[in-house]
Undergrad: 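Once you've had a glance at the structure underneath, I'll fire off some questions.
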Amino acid sequence: MKKIVYLLFITLVVFSCMPDEIPPIGEKTNYKPMLAGTWQLSKFEQIDAEAESKNFPEFATRKDLTNVFPGHPYSDFTITFNADGTFTSAKGNSYMQFMASGNWALDDEQYPSAIVLTSGSTSEKIALGSLADVIVGKVQFKEERKQPDTGKVKIKYVYSLTKK
Amino acid sequence: MKKFIIILTIIAGVFGAKAQNALPKFTVTPSEIDALTENVTIVFDVTGSAVDGLTDVYIWAWAPGLSPSETLLVYDQGSPSWGSISQNAKLDPVPGDPKKFKLSLPKTVTRNGVQVTFNNVAELFGVGDTPGKIKEFGFLLRSQDGSKQTPGDGATKVTLLPLEFTPAYFRTFPAKVSNKDVVTVLLNLNLIESGENQKLKIAGDITVSVTLLKANGTEILSVENAATLFTSQKEYSYTFLPAMLGAFPAGTSLNDVAKCQVEFSGKVYSQAGAAETVQTKVFEFEFQPYN
């Protein structure tokens with residue numbers, strides 16, 4: 001009887017130490033079809049990175065530039081990512097500086113962190129914010145200004161876009 | 001002829017003295033520092049200054065608002081004394097260039113028999129625990145005995161990035177910008193400086209004039225009397241994009257824009273209804289070379 005108890009105990013210990021089978025976690029998200037479509041800029045913000053790092057008050061850290069220039073709202077800006085890999089952008093009356101047309105691709109199909117725009121020999125990498133909200137039609141582009149000698153980020157721009 | 005030679009001698013003497021009075025040039029690396037920035041190097045070029053030709057050059061630095069205001073480098077104990085500067089204040093020579101000297105942080109020295117390392121500007125001035133107290137420091141370069149010195153009127157100073165937000169009479173947002181950025185200039189009349197026309201405090205219709213300049217101070221273009229907005233922080237603000245501020249004259253472009261001057265104006269009305277225009281001083285800031 002004692003032997004059976006030992007055997008049962010050993011069996012229990014051995015099986016409890018075996019790794020659990022990892023359950024399937026579903027298909028990897030393919031963001032490219034989700035990004036295809038026309039996006040309109042809904043908010044354009046400027047952030048003083050130095051002030052942000054020092055936890056300065058909001059008014060000294062962040063500024064909403066969306067409608068800061070009368071008659072030239074940044075919300076005029078739209079960009080269309082076509083499923084065939086081409087894109088077109090329209091700045092409307094805004095002062096937005098963006099490539100007008102060309103090809104677009106993700107820097108990494110599985111784990112994208114940027115959209116790469118190319119037009120002829122010109123190429124531009126647009127950093128992406130979190131892609132968690134792409135499914136509900138929201139995406140963020142990010143731009144950073146850096147100090148050349150230190151590489152330190154000094155100013156950030158955040159473009160929030162909504163799918164039309 | 002004799003008179004002519006005397007005049008020539010006087011002119012030569014005046015210009016010679018002026019040449020020896022030139023301000024030392026200096027470069028701070030990294031270009032933007034705050035009181036807590038580490039690994040800072042300041043290189044001084046003494047060419048043409050009063051200490052040009054000396055092999056041993058000392059720094060005498062002070063930070064307004066501190067007591068004592070002098071850096072701990074200039075004295076070993078007690079209080080600072082112009083007549084007995086510490087060896088710790090001697091600048092390091094730059095190898096291969098006898099006219100250049102440098103101060104590098106961290107810097108380890110012996111003070112009152114104890115070895116001390118200064119890692120940043122705040123520690124250099126003895127406010128390592130309260131770095132927000134130091135906003136800038138002025139300096140002059142001198143010989144050990146003090147018989148030779150560069151101007152000490154604050155003409156040579158290092159401005160530090162703020163560690164905590166301090167409301168100011170004039171500021172920009174972001175605090176430092178490049179000429180490719182959206183720039184907002186802000187005026188807080190509640191913090192008007194004593195040298196300003198105090199009528200500005202009761203002025204209305206506040207407008208602003210903005211001028212873009214080349215590095216040599218040549219005007220490129222300007223916008224006169226643009227309308228301002230009154231913000232929730234009770235500041236008058238004006239936002240612009242240098243590239244869109246106006247038409248660039250032929251032969252100039254945004255790449256030439258190095259500095260910006262800003263002047264606010266307002267109107268004060270007498271009881272009889274006559275309007276008087278009052279203006280602020282001209283504020284100037286430099287654009288940063290951000291990528």
Side-chain angles (χ1 to χ4, degrees), chain A residues 41 43-77 91-99 123-127 141-160, chain B residues 27-41 131-132 160-168 171-186 188 223 226-235 237-246 254 287-291:
Chain A
L41 198 142
K43 195 172 188 182
F44 179 39
E45 288 177 292
Q46 184 184 40
I47 298 164
D48 185 327
E50 196 83 39
E52 187 182 47
S53 70
K54 291 172 184 167
N55 208 19
F56 280 8
E58 182 82 0
F59 68 85
T61 303
R62 188 178 282 263
K63 185 171 177 65
D64 185 347
L65 301 176
T66 316
N67 295 301
V68 78
F69 298 121
H72 304 278
Y74 280 100
S75 51
D76 267 11
F77 175 78
K91 66 175 188 175
N93 287 323
S94 77
Y95 291 150
M96 185 72 96
Q97 290 171 346
F98 226 85
M99 276 188 198
S123 178
E124 202 174 328
K125 211 170 183 178
I126 310 295
F141 296 164
K142 292 183 173 179
E143 187 185 353
E144 292 177 339
R145 293 253 193 267
K146 294 178 181 173
Q147 191 172 316
D149 56 346
T150 60
K152 210 171 169 186
V153 176
K154 306 299 286 187
I155 298 172
K156 296 192 253 185
Y157 290 96
V158 179
Y159 307 80
S160 299
Chain B
T27 312
V28 183
T29 307
S31 54
E32 291 183 338
I33 60 168
D34 60 38
L36 296 177
T37 304
E38 297 188 345
N39 300 313
V40 174
T41 300
L160 306 173
L161 292 172
L163 286 169
E164 55 193 40
F165 179 73
T166 313
R171 68 183 178 99
T172 66
F173 180 85
K176 301 267 185 177
V177 287
S178 79
N179 60 15
K180 296 177 184 68
D181 289 300
V182 178
V183 188
T184 301
V185 291
L186 301 110
N188 188 340
V223 165
T228 61
L229 291 174
F230 193 57
T231 72
S232 58
Q233 297 302 313
K234 303 189 189 315
E235 293 170 299
S237 81
Y238 176 67
T239 302
F240 63 97
L241 194 56
M244 309 305 288
L245 196 61
L254 187 62
F287 288 108
Q288 305 297 310
Y290 296 156
N291 293 330

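Note that these values count all heavy atoms, side chains included, but never hydrogens, waters or copies made by symmetry. All chains are named by letter (A, B, ...) in the order of the sequence lines, taking the proteins before the strands, and each is independently numbered beginning at 1.
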Undergrad: Considering non-hydrogen atoms only, spot the tightest contact between B/Thr239 and A/Phe69 and give its length.
TA: O-CE2, 3.4 Å

Undergrad: Mind listing the side-chain donor-acceptor pairs of residues 173-180 of chain B below 3.5 Å, one per line with the distance, residues two or more places apart or on another chain?
TA:
residue	atom	partner	partner atom	Å
B/Ser178	OG	B/Lys180	N	3.2
B/Ser178	OG	B/Asp181	OD2	2.7
B/Asn179	ND2	B/Leu254	O	3.0
B/Asn179	ND2	B/Val257	O	3.0

Undergrad: What are the residues of residues 59-66 of chain A, in order of number, with any heavy atom under 4.5 angstrom from a heavy atom of chain B?
TA: A/Phe59, A/Ala60, A/Thr61, A/Arg62, A/Lys63, A/Leu65

Undergrad: In Å, rounded to the nearest 0.5 Å, how long is the span from OH of B/Tyr290 to NZ of A/Lys146?
TA: 13.5 Å

Undergrad: Which residues pass the side-chain contact (heavy atoms from CB on, under 4.5 Å) test with B/Thr231, not counting sequence neighbours?
TA: B/Leu186, B/Gln233, B/Glu235, B/Ser237

Undergrad: Hey, are the side chains of A/Lys152 and B/Glu32 touching, using non-hydrogen atoms and a 4.5 Å cut-off?
TA: no

Undergrad: So, using side-chain hydrogen bond (donor to acceptor under 3.5 Å, both in side chains) as the criterion, who are the partners of A/Tyr95 when residues are at least two apart?
TA: A/His72

Undergrad: Please classify the contact of B/Leu161 with chain A as side chain, backbone, both or neither, using a heavy-atom distance under 4.5 Å.
TA: both

Undergrad: Under 4.5 Å, counting heavy-atom pairs only, tell me which of A/Gln147, A/Gln97, A/Glu144 racks up the most with chain B.
TA: A/Gln147

Undergrad: Considering only heavy atoms and a distance below 4.5 Å, find which of B/Thr184, B/Leu241, B/Leu163 pairs most often with chain A.
TA: B/Leu163

Undergrad: How close do B/Pro289 and A/Pro148 get, counting heavy atoms only, and between which atoms?
TA: O-CG, 2.9 Å

Undergrad: Is A/Glu50 in contact with chain B via its backbone, its side chain, both, or neither, using a 4.5 Å heavy-atom distance?
TA: side chain

